[in-house]
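Right, one structure below, let's go through it.
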Amino acid sequence: MAKQYWLMKSEPDAFGIDDLQRVKREPWTGVRNFQARNFMRDGMKVGDDVLFYHSNATPPGVAGLARIVTAGVVDETQFDPNSQYYDPKAKRAAPTWICVEVEFVKKFTQVLSLDELRADPRLEDILVTKRGSRLSVQPVSAPHYKVIVELAAASRATPPTPAKKAKR
DNA sequence: GCCAACGTTGGC
DNA sequence: GCCAACGTTGGC
C-alpha cells in the first residue's frame, strides 16, 4: 500500500517535539481510545509520515514531523500497575493496546498553529480543525499533509523568531 | 478554570 | 441494547 499520513497529538508538557528530538525514537504508549488504537494497529505502516501535534499548548498546532519506524508495538504501560495507563483487563497473550514507534524527523522553527490551519481553505475538511475532535491519532490525506508542510515552510521564512538554537 | 464534545461504563 | 451518568480531552 502507498505511504499514508497521520496526525498524532501529544501534550508538550508530557512529551513534545523537543523530547522526541532528544530521544530520537519513542513508542507511542498511553493511547486508550479504541479508534486511535485501531489506526495505530491496523493502519500504520513503517515509513508512514506523521504530523506531530501539540495539544493543550500555547498555541496548539503542528510542531514538527515524525515517521513510523516500528509497527505493531505492544504498549507495555498496560501491564505496569504503577503506570497511569495500567489496564487491569489487558492480557499478555492478547494485548489490548498496540502502538507504534515513531522517530524524529524535524522540528518546525515555529509551531504551525491551529489558527493557521483553520485559516487555510484547503484544510477546511481536515479532522483536527473540527470542533470537538478529540481523536489523538488521526489519518491525514496526502494533499492535506502536503499543504501543512508547505505552510510550515512558508511561516518559517517570514518571522525572525529563533526561540532556541538547536544544539549540536 | 470553564465547558462543549464525545467516548465509556453500568444499571436496567 | 438503551441511555444516563460519568470521565476525559482539549480549545479557549
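Naming convention: chains lettered A, B, ... in sequence-line order (proteins, then strands); numbering from 1 in each chain. Values below: all heavy atoms of this structure, side chains included; hydrogens, waters and symmetry mates excluded.
With sequence neighbours left out, Asn33(A) forms a side chain to side chain contact (heavy atoms under 4.5 Å, CB included) with Gln35(A), Ala36(A), Leu135(A). Residues meeting the ring pair (Phe, Tyr, Trp, His ring centres under 6.0 Å) test with Phe39(A), sequence neighbours left out: Trp6(A).
The only option from Asp120(A), Val147(A), Leu117(A), Ile148(A) that meets the side chain to side chain contact (heavy atoms under 4.5 Å, CB included) definition with Ile126(A) turns out to be Ile148(A).
Sorted by residue number, the members of residues 27-42 of chain A with any non-hydrogen atom under 4.0 Å from DNA chain B read Asn33(A), Phe34(A).
Nearest-nucleotide assignment on DNA chain B puts the 5′-proximal partner with Asn56(A), out of Arg134(A) and Asn56(A).
In this structure, the ring of Trp28(A) has its center less than 6.0 angstrom from the ring center of Phe52(A).
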Test side-chain hydrogen bond (donor to acceptor under 3.5 Å, both in side chains) applied to Ser113(A) and Asp115(A), step by step: CA-CA 5 Å; Ser113(A) 72; Asp115(A) 281 347; 5.0 Å; no
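For Lys45(A) and Asp48(A), the salt-bridge test fails: no basic side-chain N is under 4.0 Å from an acidic carboxylate O.
Each side chain to side chain donor-acceptor pair (under 3.5 Å) pair with one or both residues in residues 56-72 of chain A, not counting sequence neighbours, appears once here: Glu11(A)-Asn56(A), Arg67(A)-Glu103(A), Thr70(A)-Glu101(A).
Rounding to the nearest 0.5 angstrom, the gap separating the CH2 atom in Trp97(A) from the CE atom in Met40(A) is 8.5 Å.
Note that Arg25(A) lies outside the cation-pi zone of Phe104(A), set by a 6.0 Å cut-off to the ring centre and a 45° limit from the axis.
An angle of 10°, rounded to 10°, separates the two end axes of the helix from dG1(B)-dC12(C) to dC12(B)-dG1(C), each defined over five pairs.
Taking the 5' to 3' direction, DNA chain C first and last meets chain A under 4.0 angstrom from a heavy atom at dG7(C) to dC12(C).
Under 3.5 Å, the side chains of Ser136(A) and Arg37(A) contain no donor-acceptor pair of N or O atoms.
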